[in-house]
Amino acid sequence: PASEVAVWAPTAGQQLLAVAALYLDDAARLAAEHQLQDEFIGWHSSHEAVVEFRLACGERRFDLRVNVVDGRCFRLAESADVPALEVLSVTAGRFRYRLGERAGVAEYCRADDQLWLNADGRLWGYVDRSLAAAEVAAAGSDGRIVARSDGKIVAVNVQAGDHVTK
C-alpha cells in the first residue's frame, strides 16, 4: 500500500552503502580512464578530508559528510551512532562489506547521476546531487552562484605581529 511505501526510508547505514557505491564506481571509472592500478584507489597527496555527498532517494534528500580512509573505509563525520562501513572486496558493480557487526554484499548499477543499489534485501534508487548544477536564484537573492568547496586550510604563512592586507 502507498501508506507503507511513504514511510520507507533508507537507514543511515544504507545511505553509507550508496556513498561507497558512488565512490567506488567513480574510482573505477577514473582508474580505467587513466590506466591506474587498483592500489591508487583512495590515494591522497595530502591529509584525509571529509567528502560531502548530496543524495536524493524518492522525495527525501540527504546531505552527508563522510570520512573516507584509503578508499575502503567510510564513516559518517557527524554520527558516532552509525558504525563505519568497511569494504572488504570489490568487483564490477558489486562489493562485499562489513557494517559494524553485520557483513553483506551490495550490488549496484549506475547511469549518469542515477544509482540503483541492492543491499540488505532492499533495492533503492538514489540520485547523486553532489555536483548538480545550481538551482534557479531564489526570490530576493543576488543571483550569485557560490561553489561549495571541501578545501582545508593547511598552512597560514604569517608570524605573530605580521601586518596582513587584502
Side-chain angles (χ1 to χ4, degrees), residues 8-136 144-154:
W8 288 351
T11 65
Q14 291 162 336
Q15 294 168 40
L16 208 50
L17 286 168
V19 164
L22 288 167
Y23 186 97
L24 293 170
D25 188 65
D26 282 345
R29 290 175 190 220
L30 185 64
E33 182 180 336
H34 297 284
Q35 292 124 17
L36 300 174
Q37 301 298 319
D38 287 345
E39 68 222 32
F40 289 110
I41 293 176
W43 180 82
H44 295 273
S45 62
S46 65
H47 63 287
E48 301 288 340
V50 172
V51 181
E52 293 186 5
F53 288 88
R54 302 181 94 192
L55 303 179
C57 184
E59 297 298 316
R60 292 180 172 83
R61 304 289 181 260
F62 304 101
D63 290 326
L64 306 170
R65 293 172 42 82
V66 180
N67 289 314
V68 181
V69 178
D70 295 331
R72 294 289 191 257
C73 184
F74 301 81
R75 180 183 294 278
L76 290 176
E78 283 94 20
S79 178
D81 298 337
V82 179
L85 171 71
E86 180 185 0
V87 174
L88 305 173
S89 66
V90 180
T91 56
R94 177 184 173 108
F95 61 94
R96 287 187 330 102
Y97 66 89
R98 180 174 293 112
L99 182 62
E101 298 297 317
R102 190 176 82 236
V105 174
E107 299 174 310
Y108 62 91
C109 179
R110 189 168 175 195
D112 299 320
D113 63 350
Q114 181 75 45
L115 171 79
W116 292 98
L117 177 68
N118 182 12
D120 294 335
R122 297 263 173 127
L123 178 64
W124 295 102
Y126 291 91
V127 176
D128 181 9
R129 306 290 299 155
S130 303
L131 301 176
E135 301 288 332
V136 181
R144 291 184 302 153
I145 298 174
V146 180
R148 294 168 38 128
S149 172
D150 64 352
K152 303 279 186 205
I153 297 173
V154 294

What are the two closest non-hydrogen atoms of E52 and S130, and how far apart are they?
-> O-OG, 4.1 Å
Can you tell if the side chain of R72 reaches within under 4.5 Å of the side chain of V90, non-hydrogen atoms only?
-> yes
Q114 (side chain) donor-acceptor with Y126 (main chain) under 3.5 angstrom | yes
Please identify each residue that fulfils salt bridge (charged side-chain N to carboxylate O under 4.0 Å, His left out) with R96, with sequence neighbours left out.
-> none
Kindly write out the residues that satisfy salt bridge (charged side-chain N to carboxylate O under 4.0 Å, His left out) with D26, not counting sequence neighbours, or none if the list is empty.
-> R110
Inter-residue atom distance F62.CZ - L16.CG, 0.5 Å rounding = 12.5 Å
Nearest heavy-atom pair of L30 and L36: which atoms, and what distance?
-> O-CD1, 4.4 Å
Heavy-atom closest pair (A12 atom, V82 atom, distance to 0.1 Å) is CB-CG2, 3.5 Å
Do side-chain atoms of Q15 reach the backbone of P10 as a donor and acceptor pair under 3.5 angstrom?
-> yes
Nearest heavy-atom contact between A106 and Y97 is N-CE2, 3.8 Å
Could you check V66, L17, L76 and say which one makes a side chain to side chain contact (heavy atoms under 4.5 Å, CB included) with L85?
-> L17
Would you name the heavy atoms of R75 and P83 that are closest together and state the gap between them?
-> NH1-C, 4.5 Å
Among all residues two or more places apart in sequence or in another chain, which pass the salt bridge (charged side-chain N to carboxylate O under 4.0 Å, His left out) test with R61?
-> none
Tested for salt bridge (Lys or Arg N to Asp or Glu O under 4.0 Å) against R54, the lone hit among D128, D113, D63 is D63
Mark yes when over 12 heavy atoms from residues, nucleotides or ligands other than E78 sit less than 6.0 Å from its CD; otherwise mark no.
-> yes
Under 30°, 30 to 60°, or over 60°: which ring-plane class applies to Y108 and F95, parallel, tilted or perpendicular?
-> tilted
Once you round to the nearest 0.5 Å, how far does CZ of R65 lie from OG of S79?
-> 13.0 Å
Heavy-atom pair with the smallest gap, counting every atom of L99 and G13 | CD2-CA, 3.7 Å
In Å, rounded to the nearest 0.5 Å, how long is the span from CG of L115 to CG of L55?
-> 8.5 Å
